[in-house]
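See below for the structure under consideration.
All heavy atoms count here, side chains included; hydrogens, waters and symmetry mates do not.
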Amino acid sequence: MSRIGAKPIPLPSGVSITIQSSEVRVKGPKGVLTSPVLPGIEVQLDKSVAQVSLRETSGNRAYWGLTRALLANAVTGVSEGFQKELDIVGVGYRAQVKGRNVSFALGYSHPVEFALPDGIDVRIEKNTHVVVSGADKQAVGQVAARIRALRKPDPYKQKGVRYTGERLIKKAGKTGA
């Protein structure tokens with residue numbers, strides 16, 4: 001039995017929920033997000049607490065905890081937001097924001113331009129620390145992963161774009177005789 005699905009979701013002040021047939025709209029100071037609700041799962045609203053429940057005849061028991069987690073992430077996103085931090089490591093590697101684009105110098109013969117999707121903001125600190133933030137947890141993680149993929153960390157020289165705090169295993173180089 002799901003223990004995640006049974007937990008209530010507290011709603012901070014300034015966050016409102018609108019329940020429709022197949023989705024829930026969560027509105028807050030950081031924006032509006034929608035969360036899907038599958039058939040057989042119900043969302044009830046009591047003052048400042050949302051509760052996800054399962055209909056007894058439903059065969060969708062596996063989605064009960066998922067629905068609750070997605071709704072809780074939407075509530076957190078519109079009230080506080082999410083962020084991922086990346087570090088750029090390497091001589092001459094840097095980034096700068098140009099409007100809704102981020103320009104990266106990552107050791108290639110050309111600068112790499114990265115267009116930001118709607119709802120995502122990027123801050124650059126000290127030219128080498130990138131902070132990706134937004135209300136949608138999935139979108140923030142996806143943008144951070146796409147930025148990291150521009151130049152994955154090299155296991156030999158440790159250069160590239162990595163998440164802050166990510167531990168890399170350094171490989172030994174080739175020893176020639």
Side-chain angles (χ1 to χ4, degrees), residues 4 9-18 23-37 63 65-177:
I4 301 290
I9 303 167
L11 300 178
S13 61
V15 175
S16 63
I17 289 184
T18 307
E23 68 180 15
V24 175
R25 290 178 50 90
V26 182
K27 186 176 180 181
K30 299 224 181 233
V32 178
L33 293 175
T34 60
S35 180
V37 177
Y63 298 116
L66 172 70
T67 303
R68 190 259 176 215
L70 292 175
L71 185 57
N73 284 340
V75 168
T76 303
V78 298
S79 62
E80 300 168 19
F82 292 100
Q83 72 177 20
K84 290 261 188 186
E85 298 182 15
L86 299 117
D87 289 322
I88 302 172
V89 179
V91 176
Y93 289 15
R94 62 188 175 279
Q96 67 184 67
V97 177
K98 296 178 181 175
R100 292 295 298 161
N101 289 334
V102 182
S103 179
F104 291 96
L106 297 173
Y108 298 118
S109 62
H110 59 282
V112 179
E113 297 291 329
F114 185 84
L116 295 174
D118 293 334
I120 301 295
D121 294 321
V122 169
R123 242 179 27 247
I124 309 289
E125 299 168 357
K126 301 181 194 170
N127 290 333
T128 60
H129 187 75
V130 181
V131 180
V132 181
S133 60
D136 189 357
K137 186 175 187 177
Q138 189 272 336
V140 169
Q142 185 65 42
V143 168
R146 286 179 46 210
I147 289 173
R148 183 181 183 270
L150 295 175
R151 178 70 113 181
K152 289 185 182 173
D154 179 34
Y156 298 101
K157 294 184 178 180
Q158 305 284 303
K159 294 176 10 177
V161 181
R162 66 177 85 159
Y163 295 112
T164 300
E166 180 181 4
R167 293 187 59 212
L168 300 176
I169 299 172
K170 186 168 184 172
K171 289 186 177 180
K174 189 166 41 167
T175 57

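When every heavy atom of Tyr156 is checked against every heavy atom of Lys171, the shortest pair comes out as CE2-CB, 3.6 Å. Here the shortest heavy-atom pairing between Leu71 and Ser35 reads N-OG, 3.7 Å. Shown here for Tyr163 and Ala145, the closest heavy-atom pair between the two residues is OH-CA, 3.5 Å. For the residue pair Thr67 and Tyr63, the shortest heavy atom distance occurs at OG1-O, 2.8 Å.
Taking Arg146 as the reference, nothing meets the side chain to side chain donor-acceptor pair (under 3.5 Å) condition, with sequence neighbours excluded. In terms of the side chain to side chain donor-acceptor pair (under 3.5 Å) criterion, residue partners of Glu166 (sequence neighbours excluded) are, by chain and number, Arg148. Under the side chain to side chain donor-acceptor pair (under 3.5 Å) criterion, Asp87 pairs with His129, Thr164, not counting sequence neighbours. For Pro36, the side-chain contact (heavy atoms from CB on, under 4.5 Å) criterion is met by Leu70, not counting sequence neighbours. For the side-chain contact (heavy atoms from CB on, under 4.5 Å) test, residues two or more places apart in sequence or in another chain that qualify with Lys157 are Asp154, Lys159. Under the rule for a side chain to side chain donor-acceptor pair (under 3.5 Å), the partners of Ser103 that lie at least two apart in sequence or sit in another chain are Glu113.
Annotation: side chain of Leu116 is not in contact with side chain of Asn101 (no heavy-atom distance under 4.5 Å). Taking 4.5 Å as the limit, some side-chain heavy atom of Val15 sits within range of a side-chain heavy atom of Val26. Between Lys27 and Val32 there is a side-chain heavy-atom pair separated by less than 4.5 Å. In this structure, the side chains of Ile147 and Val132 come closer than 4.5 Å at one or more pairs of heavy atoms. You'll find the side chain of Arg151 reaches within 4.5 Å of the side chain of Tyr93, heavy atoms only. With a 4.5 Å cut-off on side-chain heavy atoms, Ile120 and Ser133 do not count as touching. Taking 4.5 Å as the limit, every side-chain heavy atom of Val89 sits out of range of all side-chain heavy atoms of Thr128. Side-chain contact between Val130 and Ile88 is present, with at least one heavy-atom pair separated by less than 4.5 Å.
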Donor-acceptor contacts, no H, no angles, side chain residues 74-81, under 3.5 Å, sequence neighbours left out:
residue: Thr76; atom: OG1; partner: Ala72; partner atom: O; Å: 3.0
residue: Ser79; atom: OG; partner: Val75; partner atom: O; Å: 2.9
residue: Ser79; atom: OG; partner: Thr76; partner atom: O; Å: 3.3

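Legend: salt bridge (Lys or Arg N to Asp or Glu O under 4.0 Å) pairs involving residues 125-141, not counting sequence neighbours, sorted by first then second residue: Arg123-Glu125. Pairs engaging residues 93-107 under the salt bridge (Lys or Arg N to Asp or Glu O under 4.0 Å) rule: Arg100-Asp121 [sequence neighbours left out].
Looking at Arg162, its side chain does come within 3.5 Å of a backbone N or O of Gln158 through a donor-acceptor pair.
Within 6.0 Å of the CZ atom in Phe82, the count of heavy atoms belonging to other residues, nucleotides or ligands exceeds 12.
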> Between Gln96 and Ile124, does a side chain to side chain contact (heavy atoms under 4.5 Å, CB included) hold up when you go through it step by step?
Replying inline: CA-CA 6 Å; Gln96 67 184 67; Ile124 309 289; 5.6 Å; no
